[in-house]
Amino acid sequence: MASSSSSVAEVKLYASTAERRQLDELANLYSIIKTTEALELAYTHDAVTPQQYEGECNRLISQFKTTETALVSSGLIKDVESFMSEYDV
């Protein structure tokens with residue numbers, strides 16, 4: 001059998017540090033939304049106490065507001081609803 005080697009081309013997601021920062025901020029918003037969904041599910045299945053739920057919700061709300069404000073003011077997103085629609089969240 002002959003061995004074959006294939007090369008995989010590297011795909012750059014960003015061209016600059018600024019673009020990388022923007023993608024990181026978008027990823028942060030996505031992860032906050034998905035984490036909130038997971039927390040809701042855990043709470044409805046009694047996997048977390050009401051105290052844990054409240055504490056984590058407060059933390060996530062704070063992170064969400066900060067991230068949302070930064071993304072909207074920078075023009076990266078119009079609003080969270082359009083972000084969720086664009087990225088199928």
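Index from 1, following the sequence.
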Would you list the atom pairs, donor with acceptor, under 3.5 Å between side chains in residues 52-59 and any protein atom, with sequence neighbours excluded?
{"residue": "Gln52", "atom": "OE1", "partner": "Thr49", "partner atom": "N", "Å": "2.8"}
{"residue": "Gln52", "atom": "OE1", "partner": "Thr49", "partner atom": "OG1", "Å": "3.3"}
{"residue": "Tyr53", "atom": "OH", "partner": "Glu40", "partner atom": "OE1", "Å": "3.4"}
{"residue": "Tyr53", "atom": "OH", "partner": "Glu40", "partner atom": "OE2", "Å": "2.3"}
{"residue": "Glu56", "atom": "OE1", "partner": "Arg59", "partner atom": "NE", "Å": "3.0"}
{"residue": "Glu56", "atom": "OE1", "partner": "Arg59", "partner atom": "NH2", "Å": "2.6"}
{"residue": "Asn58", "atom": "ND2", "partner": "Glu54", "partner atom": "O", "Å": "3.3"}
{"residue": "Arg59", "atom": "NH1", "partner": "Gln63", "partner atom": "OE1", "Å": "3.4"}

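A search for side chain to side chain contact (heavy atoms under 4.5 Å, CB included) contacts involving Ala42 returns Ala47, Val48, not counting sequence neighbours. Ser16 pairs by the side chain to side chain contact (heavy atoms under 4.5 Å, CB included) definition with Ala18, Glu19, not counting sequence neighbours. Listed by chain and number, the residues in a side-chain hydrogen bond (donor to acceptor under 3.5 Å, both in side chains) with Thr69 amount to none (sequence neighbours excluded). For Lys34, the salt bridge (Lys or Arg N to Asp or Glu O under 4.0 Å) partners two or more places apart in sequence, or in a different chain, are Glu37. Qualifying ring pair (Phe, Tyr, Trp, His ring centres under 6.0 Å) partners for Tyr87, counting only residues two or more places apart in sequence or in other chains: Phe83. Remark: Arg21 pairs with no residue by the salt bridge (Lys or Arg N to Asp or Glu O under 4.0 Å) rule, at least two apart or across chains. Applying the side-chain hydrogen bond (donor to acceptor under 3.5 Å, both in side chains) criterion to Asn28, with sequence neighbours excluded, gives no partner residue. Applying the side chain to side chain contact (heavy atoms under 4.5 Å, CB included) test to Ser82 and every residue at least two apart in sequence or in another chain returns Lys78, Asp79.
Between atom CD of residue Gln22 and atom OG1 of residue Thr17 there is a gap of 11.0 Å, rounded to the nearest 0.5 Å. Ser74 OG to Leu26 CG: the interatomic distance, rounded to the nearest 0.5 Å, is 8.0 Å. Atoms CD and CG, from Glu68 and Leu29 in turn, are 7.5 Å apart once rounded to the nearest 0.5 Å.
Within the structure, salt bridge (charged side-chain N to carboxylate O under 4.0 Å, His left out) contacts touching residues 80-89 (residues at least two apart or in different chains) do not occur.
In terms of hydrophobic clustering, with Ile, Leu, Val, Met, Phe, Trp and Tyr side chains grouped at heavy-atom distances under 4.5 Å, Ile77 and Ile61 are assigned to different clusters.
Although no hydrogens or angles enter the test, the distance criterion places a donor-acceptor pair under 3.5 Å between the side chain of Thr44 and the main chain of Leu41.
The heavy-atom pair separating Ile32 from Thr67 by the smallest distance is CD1-OG1, 3.7 Å.
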